[in-house]
Peer 1: 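Please find one structure pasted underneath; my questions will follow.
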Amino acid sequence: MSNKQDKLSTDAYKGVRDFFPADMAIEKKIFGIWREVCERYGYEEYGASVLEPAELYRAKSGEEIVNEQTYTFTDRGDREVTLRPEMTPTVARMVAARKRELVFPLRWYSIPNLFRYEQPQRGRVREHWQLNVDIFGVESSAAEIEVINMAYDITRAYGLKDADFEIRLNNRKLMNYLTKDVFGLDDTAAQRASKLIDKKNKISAEAFELGISELFKDKPDSAKKFLTLLNSKNFTEFASNLPQTIEEHLGLVELKRVIKGLEALGITNVRFDQTLMRGFDYYTGTVFEVFDTNPANRRSVFGGGRYDDLLALFGNEKVPAFGFGAGDVVARDLIETYDTLPKDNSSADIAIIIVGDQNTPYSLDLAQTLREKGMRVLVDISNKRVGDQISNANKRGIPKIVCIGDEEVKTGKMKMKTLATGEEIAVTEDSICA
RNA sequence: GUGGCUAUGGUGUAAUGGUUAGCACUCGGCUCUGUGAAAGCCGCAGUAUGGGUUCGAAUCCCAUUAGUCACCCCA
C-alpha cells in the first residue's frame, strides 16, 4: 500500500523502552518488591506529575545541568518546563508545602519515572523508573539505620546473598572537615578533591596520586598524609591515621553509630569507604551505596544520603531528611542474573474452549460465574478448531482448560484438563476451581 | 556533546564484489471440524535509511538513524 520510507518506524524513541507483557511482568515484580518492603516499614506512597517548573532544578543544580541534561522546553504560556530528572526536589517541594500539617517523622516513598537527556548506552536510558524512599524529621542516626535496613531488604529481595554485596558508607561532614579544616583546602580545591576521590577506583593509583599532589602543590607533606588516609583499607586503619583532634568530630561519631546500629540488626556487610562521595551537592551527612561485589559486575546498585538543608530552599526552616533512590534498570539486570524471576507468567487460570458457536452464551455465563469466584478466566472466542484452541491456551501458559459443547451445556457435566499433565477430571460449574 | 565498534525476515544466523540472499526457530494455513505438545507439507517475511564507486554491491566509500563501548556526566 505504501513504500518503505512512508511507513512509521516501530522503534521506540531513542533511549526509552517499550514494555511488552513479558517485560512488564519483570517490571511489576520489581515494583512489587519495592512496595512490599516500603509498606512493611510503614512508608506511605505519594506521587506527582512528571512536569516541573525548570526553576526547581536551577535552584539546586545550576544552569548547565538543566540545559544539557534535562528535557526542558517552553510551553504555550511561555513557562519553562522540565521533565523531572529526579524526585528529591519534588518531594522536598511537597513536604515544604504542607510542612505545618504533616505529622513528622514522615515516611514516604514513590516510584516515579525520571527523564534525563544523555547519550544512552547499556544500563543508562533516557527514561527510567526509580524507587524513592525518604524519611523526614529525624535528625539522629536512627533514620540512617532504618532506611539502610530497607535498602538491605530490597537488595536481598533482588536475590543477592550477603556475600554478593556490601553497603558502603561515608559521611560528607567528615570529608568536608578533613579537606577544608584539617588540610586547609579552599572551596574550589575541596570540590576538585571530592571529584578526584570519586574517581579513585576508576583511575590508576599513579594518576590519583598525581592529582592529589597537584591539589597540595606547596604542601607535599599534607598530600602524603591525605593519601595515607584515602588509601586506608578499613575504618580502624583510617581512624588510626586521623589527627587526634577530630576523634570527637560529629561525622565520625555518626558513622560509628550507623555501623553499630546496622550490626545490631544483623547487617554485617557494611563497609566504611572514605572514597565514596556520590554526585549530589545537596548531601550533608551520611552517604551510602549498595555495591555488587560479584567480580563479573562490580557496580553500584543504588544509593542515597542525608540532605538536611534542602528543604530550606523553600523558605522553611531546616527539615532533616534521609533517603535513597533505586533504579529499575539495574534491578532488572540483577533479578535476571540471580534468577528470581516469576515463573508463572500466565494471563489466566483457566481457558474456556467453545465447541460450536451456539454454546458461546453458556460459556460466557460460566466464565462470569468463575470470575465471581476469583478465578482469572479466558474465553476463547476464536471459533477455531478445538485442537487449535487448546494449543493456543498452552502457548499462553494457561494451566487448565475446559471444553464447552452441546453435551456439557445439556448435562452441566464437564471435564477440566490440566495441560501440563494431560490429566482430566470430571467437574460441574460449582466444583471448578483454580 | 566527542571518539571507537556494529547493523541481513519477528528472532538467531549464512553468503571470495558475480545466478532468484541460504538455514533454523517463530508466526499463519493444511494433513486434522470434540482434545494440545510429535511429524510432514505449504505459506508470510529480510540486506536499517539516503547517496556514491562499479559492467555488477548484503559485501567497498560517505552521510544519517539506532544500538553498543569509552569519555563527559552521574540523578
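By convention in this document, chain letters (A, B, ...) are assigned in the order of the sequence lines, proteins followed by strands, and residues within each chain are numbered from 1.
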Peer 1: Would you please confirm or rule out a distance under 4.0 Å between OP1 or OP2 of A37(B) and any side-chain N or O of K417(A)?
Peer 2: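 Answer no for this pair, as no side-chain N or O of K417(A) is under 4.0 Å from OP1 or OP2.
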Peer 1: If you check the Q119(A) side chain, which of G34(B), U33(B), A70(B) turns out closest?
Peer 2: A70(B)
Peer 1: Write down the partner of U2(B) under the Watson-Crick or G-U wobble criteria, each distance required to be under 3.5 Å.
Peer 2: A70(B)
Peer 1: Establish, yes or no, whether the cationic atom of R168(A) lies under 6.0 Å from the six-membered ring centre of F291(A) and within 45° of the ring axis.
Peer 2: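 Verdict for F291(A): a cation-pi partner in R168(A).
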Peer 1: Verify the neighbour count for atom OH of Y13(A): are there more than 12 heavy atoms of other residues, nucleotides or ligands below 6.0 Å?
Peer 2: yes
Peer 1: R122(A) side chain: which of C71(B), C69(B), G34(B) is closest?
Peer 2: C69(B)
Peer 1: To the nearest Å, give me how far apart CZ (R84(A)) and C1' (C74(B)) are.
Peer 2: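 Going from R84(A) (CZ) to C74(B) (C1'), I get 19 Å.
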Peer 1: Give the ring-plane orientation class for F216(A) versus F226(A), where under 30° counts as parallel, over 60° as perpendicular and anything between as tilted.
Peer 2: tilted
Peer 1: If you pin D11(A) and R278(A) to their nearest nucleotides in RNA chain B, which one's is more 5'?
Peer 2: D11(A)
Peer 1: Between C74(B) and K195(A), is there an OP1 or OP2 to side-chain N/O distance shorter than 4.0 Å?
Peer 2: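 Yes, within the criterion.
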Peer 1: Set out, in order, the CA-CA distance, both residues' side-chain angles and the distance that settles ring pair (Phe, Tyr, Trp, His ring centres under 6.0 Å) for Y158(A) and Y338(A), then state yes or no.
Peer 2: CA-CA 7 Å; Y158(A) 287 166; Y338(A) 289 93; 9.4 Å; no
Peer 1: Tell me which nucleotide among G29(B), G36(B), A70(B) gets nearest to the side chain of K384(A).
Peer 2: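 Nearest listed nucleotide: G29(B).
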Peer 1: Does a side-chain heavy-atom distance below 4.5 Å link V182(A) with Y177(A)?
Peer 2: yes
Peer 1: Starting at atom CD of Q121(A), determine the distance to atom C1' of G67(B), rounded to an integer number of angstrom.
Peer 2: 11 Å
Peer 1: Regarding L114(A), tell me which of base, sugar-phosphate or nothing describes its non-hydrogen contacts under 4.0 Å with the strands shown.
Peer 2: nothing
Peer 1: So for E408(A) and G34(B), does any side-chain atom that can act as donor or acceptor lie under 3.5 Å from a complementary atom in the base?
Peer 2: yes
Peer 1: Does E423(A) or K395(A) map to a spot on RNA chain B nearer the 5' end, using the closest nucleotide for each?
Peer 2: K395(A)
Peer 1: Of the listed nucleotides (A66(B), G36(B), U2(B)), which one gets closest to any side-chain atom of K14(A)?
Peer 2: A66(B)
Peer 1: What is the distance, rounded to the nearest whole Å, between atom OH of Y117(A) and atom C1' of G1(B)?
Peer 2: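 Going from Y117(A) (OH) to G1(B) (C1'), I get 10 Å.
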Peer 1: Look at the side chain of K199(A) and decide which nucleotide, out of C72(B), U35(B), G34(B), has an atom nearest to it.
Peer 2: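 Of the options given, the side chain of K199(A) lies nearest C72(B).
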Peer 1: Would you indicate what G422(A) reaches in the nucleic acid, counting non-hydrogen atoms under 4.0 angstrom: base, sugar-phosphate, or nothing?
Peer 2: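 Base, at least one base heavy atom under 4.0 Å.
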Peer 1: For the side chain of C403(A), counting heavy atoms from C-beta on, which of G67(B), G34(B), A37(B) is nearest?
Peer 2: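 Of the candidates, G34(B) comes closest.
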